[in-house]
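FYI, the numbering just counts along the sequence from 1. All values below come from the heavy atoms of this structure, side chains included, with hydrogens, waters and symmetry mates left out.
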Amino acid sequence: MVITEYMSITNFLIKYRRFIIVNLLLIIMADPIIASVDKDEVSANIELSKNSFYAGEIIIATVSLTCKDSGLAFLKELPSLNLSRGKFAEMIQINQPITAAYTDQNKDKISTKYILGKYAVSVDNPGKNKIESSDIITGINFPVIQNHPFWGRIESYRTEECILKIKPVSINVMNLPDNKTESPYSGVIGNFKINTVVPRREYVVNEENTIYIVVEGEGVLPEEVLPEYTHAFGDRIKLKSMSASTETFFQNNKLISRKTWECEIVPTATGEQEIGIISLGFFNADTGKYQVAQSEPVSIQVQSSTIRREMIEI
């Protein structure tokens, strides 16, 4: 007969206490060494989509952290941006998780760049200025090689809190050129398209219907901006009311705005009726020119109100 004896934790600790005590002493006596990495190899920067831009133009400011042979452990709070002189006319924080933008290995060192925050900003006052950032309080995982007397060299990490200062970035804000075109300027800077959206349905004379005017593109569409629509409607299609809604989102490192006007119209004549051209004048900062976005005319077929009457059998 074979009897298997199971050793309890208490019996194990008593039996091997000398071995355990010796190893604990060796761990305590181990010499931790930071492996050829110091805090000078951790840096934070502000990167701009443009350093020279027009007053009122939206640019993208990115705050990044670069670590060499180390990694980001935590970030206490997102950095905040400000101007050395004056205030931003527009600042939109682009919400996104902190991500590692890229990892690059060069001369036995691995550099990792982390995107800490992105902001869409604009400045109204022309002239030279600087964009500054608050200090970044972050935790960095520095590699550590521990010289263990028994186990030898053990690789590990040690997290240290670092306060990083960011160097301000110089900018040059330019005045808009004179508008030498005959087209009215709406005050919008960017690059936009405009469309008239007419849902497919029955259009009956003297009945209210809803259509949509949609302006979308790169840049910001202020609350007060309106397209030129007065010539799009007339006696045969009357515009009764308009209400606007705005969406702003980040796409391909650009700030995109979409503004939709919900329009209540009343056709007053039967037959084929046309909603004319609707336009929006804007300044294109990429081309340095004033441009006009125009919608295509849209036709609707308006029916007589007799289609609403019930048929009476005789």
Could you tell me whether the side chains of [X] and [Y] share a donor-acceptor contact shorter than 3.5 Å?
{"X": "N191", "Y": "E218", "result": "no"}
{"X": "S279", "Y": "E228", "result": "no"}
{"X": "S64", "Y": "E47", "result": "yes"}
{"X": "K130", "Y": "S170", "result": "no"}

Would you compute the distance between atom CG of L280 and atom CD1 of I278 and round it to the nearest 0.5 angstrom?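 Here the interatomic distance stands at 11.0 Å.
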Once ring-ring contact (aromatic ring centres under 6.0 Å, His included) is applied, what residue pairs with a partner in residues 221-252 remain, sequence neighbours excluded?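 Residue pairs with at least one partner in residues 221-252: there are none.
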Please check this pair: side chain of S134 against backbone of S80, looking for a donor-acceptor N/O pair closer than 3.5 Å.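 Side chain of S134 to backbone of S80: a pair is present.
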Would you say the side-chain atoms of N195 pair up with the backbone N or O of V197, donor to acceptor, closer than 3.5 Å?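 Judged by distance alone, no pair lies under 3.5 Å.
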So do the side chains of [X] and [Y] get within less than 4.5 Å of each other, counting heavy atoms only?
{"X": "W261", "Y": "V215", "answer": "yes"}
{"X": "V302", "Y": "V204", "answer": "no"}
{"X": "L83", "Y": "I171", "answer": "yes"}

Identify whether M174 and V123 are in the same connected component of the hydrophobic contact network (ILVMFWY, side-chain heavy atoms under 4.5 Å).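 Cluster IDs for M174 and V123 differ.
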I'd like to know whether CD of E296 has more than 12 heavy-atom contacts from other residues, nucleotides or ligands below 6.0 angstrom.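 Incorrect, the count does not exceed 12.
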I'd like to know whether the aromatic ring centres of F282 and Y185 sit less than 6.0 Å apart in this structure.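 Not close enough - the centres of the two rings lie 6.0 Å or further apart.
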Distance-minimising heavy-atom pair for L255 and I60: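 Where L255 meets I60 most closely, the heavy atoms are N-CD1, 4.4 Å.
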